[in-house]
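Here's the structure we're looking at; comments come further down.
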Amino acid sequence: MQWQELIADLARELDGLSEFTAATPVAGGDINAAFMIECGAQRFFVKLNSTDKLPMFEQEAQMLEQVNECCPLRVPRPFTTGVAASNAYIVMEHLNLAPLNETNATELGEGLAVLHQSTADHYGWDQAGYIGSTRQPNENSRNWCEFWQHQRLGFQQKLAIRNGLQPHVATRLELLTESLPDLIGNHHPVAALLHGDLWHGNCGLDETGRAVLFDPACYYGDPEADLALTELFGGFTERFYQAYWHIHPRAAEYEVRSQLYQLYHVLNHFNIFGGLYGNRAGTMVELLLAEIGH
């Protein structure tokens, strides 16, 4: 990466930017290359990808600003996006992050509950988004079951079949998608602003101990969809859930719906990474079909 063009773009956004001194690779991402760049004493976090991913970075910047406006938690400030040579990039505030701990799990739960108090009169977003590197349709709908059937589960189902999902799993997944009205057809949640990709790798603590959210995949949808994902890849501490449910009480049917919302992300992992995620999806499909007698 030749950094001069990116630094020139950043300098147009920030007065008094010091001269570029170093770029250090940062580990942890599966989708993008990441770096910490230094301009004198100033530090910035940069993500790089192919030039066709510029819309992904532009949308990430927009979503970071939206979450920051609606949530009391800290959110990294995006500075600029653009293309330099063969790379699209986003430059944002660099934070020294530590893993979430038991004390700050309460702050995160309460902050997420506040985020979910920002609502719309429809489900979706003003444009298609991304979940990881996968496109995520967001056509507006006033029917949650139809939104999840066509914009979420059905979309991932079609990708998974093209990507080699085992035929018996594909057949059962198609049945589940067709049967969603039997599973959630009477569920009409508030259309809340969601983080959209909230697992433990997309939050942490800053140097002051304040909880931080990042890497959003926002849309307006069922708040339970955010909560379900927090349980999928390692989970959060009990204090997080107690703090959240204290503000938004847990519904009796949450356990079943959470499995449905988790299935979407497992299928997405199959579509990105392949492997055993297909088997895991198959197990989840059978559990959900059993709920409606299939």
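- Between H116 and Y244, the ring center distance clears the sub-6.0 Å criterion.
- With values rounded to the nearest 0.5 angstrom, Q117 atom CD is found 6.5 Å from I247 atom CD1.
- Side-chain contact, D52 with S50: a donor N or O sits under 3.5 Å from an acceptor N or O.
- Outside the 6.0 Å centre-distance limit, the rings of H122 and F147 are not counted as a close aromatic pair.
- Between the side chain of Q66 and the backbone N or O of C218 there is no donor-acceptor pair closer than 3.5 Å.
- No side-chain donor from either of Y123 and R142 sits under 3.5 Å from a side-chain acceptor of the other.
- Atom CG of residue L267 and atom NZ of residue K158 lie 14.0 Å apart, to the nearest 0.5 angstrom.
- Between R77 and E65 there is no salt bridge, since no side-chain nitrogen of the basic residue lies less than 4.0 Å from a carboxylate oxygen of the acidic one.
- Counting only distance, with no hydrogens or angles, the side chain of H200 and the backbone of L100 share no donor-acceptor pair below 3.5 Å.
- L193 contributes atom CG, which lies 9.5 Å from atom OG1 of T119 (distance to the nearest 0.5 angstrom).
- With hydrogens and angles ignored, the 3.5 Å screen pairs a side-chain donor or acceptor of N138 with a backbone N or O of Q127.
- The side-chain tip of R152 points at the ring of Y219 from less than 6.0 angstrom away and within 45° of straight on.
- Taking the ring centroids of W3 and Y89, they lie at or beyond the 6.0 Å cut-off.
- By the 4.5 Å heavy-atom criterion applied to side chains, F45 and E93 are not counted as neighbours.
- Atom CG in N268 sits 4.0 Å away from atom OG1 in T134 (nearest 0.5 Å).
- In summary, the aromatic rings of W148 and Y264 are positioned with their centroids under 6.0 Å apart.
- Side-chain atoms of E38 and T21 form no donor-acceptor pair, as typed in the model, at a separation below 3.5 Å.
- Closest approach of P76 and V212 over heavy atoms only: CD-CG1, 4.0 Å.
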